[in-house]
Amino acid sequence: MKIKAFLFDLDGVIVDTAIFHYQAWKKMANGLGFDIDEEFNETLKGISRMDSLNAILKHGNLEISEEQKLELAAQKNADYLELVNTMTPANILPGVSSFLAEARESGVKIALGSASKNSNLILEKIGVKPLFDAIIDGNQVSKSKPDPEVFVKGAQSLGFENESCIVFEDAFAGVEAAKAANMKAVGIGSSKVLFNADIVINSFEGHSVSEFLNL
Ligand code: BG6
Ligand code: MG
């Protein structure tokens, strides 16, 4: 089927906020008396804030009340936003701006499919919000990736069938979500993690839109 739309994950695909999430969660875990490493952090990518918190608490063998969980999540988000607020267009990952511009010129529609509730702020900070035809994020979905909800809603809001969309993802769970929606998946990062993607690239740098239209 002809490709009509690109659905982009945000954190780790358009901008390197994945590292900010990691730093803020690590700070929280350390405050609770344990640590998280990069390997464990891979399992958090693409997962909603509260699901991430629950996974981290399980990792540290901690059981706390729902009220304490909300407090920890709010503090983590405040620490995260402090890092996000330092961002400028210079933080857009290499090759992304020209790739988005080329997609628009080629008539391919662009949507965001992110688990984050902070996506509007981030897109504004880095100045790419006007390039998106639709934004679906953690404020519109109830099920975390690997559930396909976020991408299915993205395709729906553009008015296209799932099969005519390509998803760009840095997370194992995100690639699973794309596949569950019958979409093609381009992995951004390591093929050791993203082995279920149709193709894996290191970054957008040096890649053109036409390469993906026949996936
Ligand atoms: C995803 C990130 O994009 O958004 C996760 O990969 C993050 O690490 C999730 O937990 C939720 O983000 P936020 O900004 O709503 O806490
Ligand atoms: Mg991501």
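Start at 1 and go down the list; that is how both ligands and their atoms are numbered. Keep in mind that what you see is a predicted model, and the values were worked out from it rather than measured.
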Q: Tell me the contacting part of Ser52 for ligand 1: side chain, backbone, both, or neither, using a 4.0 Å heavy-atom threshold, strictly below.
A: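 It is the side chain that gets close, since no backbone atom is under 4.0 Å.
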
Q: Could you check whether Glu63 pairs with Lys58 (Lys NZ or Arg NE/NH1/NH2 to Asp/Glu carboxylate O, under 4.0 Å)?
A: no

Q: Name the closest protein heavy atom to atom 3 (O) of ligand 1, giving the residue it belongs to and the distance to 0.1 Å.
A: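 Sorting protein heavy atoms by distance from atom 3 (O) of ligand 1 puts Asp11 OD2, 2.7 Å first.
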
Q: At under 4.0 Å between heavy atoms, which part of Ser116 makes contact with ligand 1: side chain, backbone, both or neither?
A: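 For Ser116, the contact with ligand 1 is made by both the backbone and the side chain.
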
Q: Does Leu10 come within less than 4.0 Å of ligand 1, judged by its heavy atoms?
A: no

Q: Please report which non-hydrogen protein atom sits nearest to atom 16 (O) of ligand 1, along with the residue it belongs to and the distance in Å to one decimal place.
A: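 Closest protein heavy atom to atom 16 (O) of ligand 1: Arg49 NE, 2.8 Å.
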
Q: If you round to the nearest 0.5 Å, how far is OH of Tyr80 from CZ of Arg49?
A: 9.0 Å

Q: Between Asn118 and Asn77, is there a side-chain donor-acceptor contact under 3.5 Å, judged purely by atom types and distance?
A: yes

Q: Which atoms of ligand 1 have any heavy atom of Lys45 under 4.0 Å away?
A: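 Matching atoms, with element in brackets: 6 (O).
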
Q: What residue and heavy atom of the protein are closest to atom 15 (O) of ligand 1, and at what distance?
A: Lys117 N, 2.6 Å

Q: So does Glu169 have any N/O/S atom less than 2.8 Å away from the Mg ion (ligand 2)?
A: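 No.
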
Q: Which atom, among the N/O/S set of Asp9, is closest to the Mg ion (ligand 2)?
A: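 Nearest to the Mg ion (ligand 2) within Asp9's N, O and S set: OD2.
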
Q: How large, to 10°, is the angle at the Mg ion (ligand 2) when you draw lines to OD1 on Asp170 and to O on Asp11?
A: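 It is 90°, given to the nearest 10°.
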
Q: Do me a favour and list the nearest non-hydrogen protein atom to atom 6 (O) of ligand 1 with residue, atom name and distance?
A: Gly46 N, 2.8 Å

Q: Between Glu66 and Lys69 (salt bridge meaning N to carboxylate O under 4.0 Å), is one present in this structure?
A: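 Yes, Glu66 and Lys69 are salt-bridged.
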
Q: Would you kindly confirm whether Ile166 and Met1 end up in one hydrophobic cluster when ILVMFWY residues are joined by side chain heavy atoms under 4.5 Å apart?
A: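 Different clusters.
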
Q: Look only at interatomic distance and state if Tyr80 has a nitrogen or oxygen under 3.5 Å from any nitrogen or oxygen of ligand 1.
A: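 No; the residue has no nitrogen or oxygen that sits under 3.5 Å from a nitrogen or oxygen of the ligand.
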
Q: Applying the side chain to side chain contact (heavy atoms under 4.5 Å, CB included) criterion to Ile14, which one of Leu112, Asn91, Leu93 satisfies it?
A: Leu112

Q: Flag the pair Asp198 / Val186 as yes when at least one side-chain heavy-atom distance between them is below 4.5 Å, and no otherwise.
A: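 Side-chain contact under 4.5 Å: no.
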
Q: Against the six-membered ring of Phe132, is Lys129 placed for a cation-pi contact (under 6.0 Å from the centre, within 45° of the normal)?
A: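 Here Lys129 fails the 6.0 Å and 45° test against Phe132.
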
Q: Any heavy atom of Ser114 sitting closer than 4.0 Å to ligand 1?
A: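 In this structure, Ser114 qualifies as a contact of ligand 1 - some heavy atom is under 4.0 Å.
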
Q: Can you pull out the closest protein heavy atom to atom 5 (C) of ligand 1? Residue, atom name and distance to 0.1 Å, please.
A: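 Ranked first by proximity to atom 5 (C) of ligand 1 is Ile47 O, 3.4 Å.
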
Q: If only side-chain N and O atoms count, and only distance matters, is there a donor-acceptor pair under 3.5 Å linking Asp137 with Ser114?
A: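 Looking only at side-chain atoms, Asp137 and Ser114 do not form any donor-acceptor pair under 3.5 Å.
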
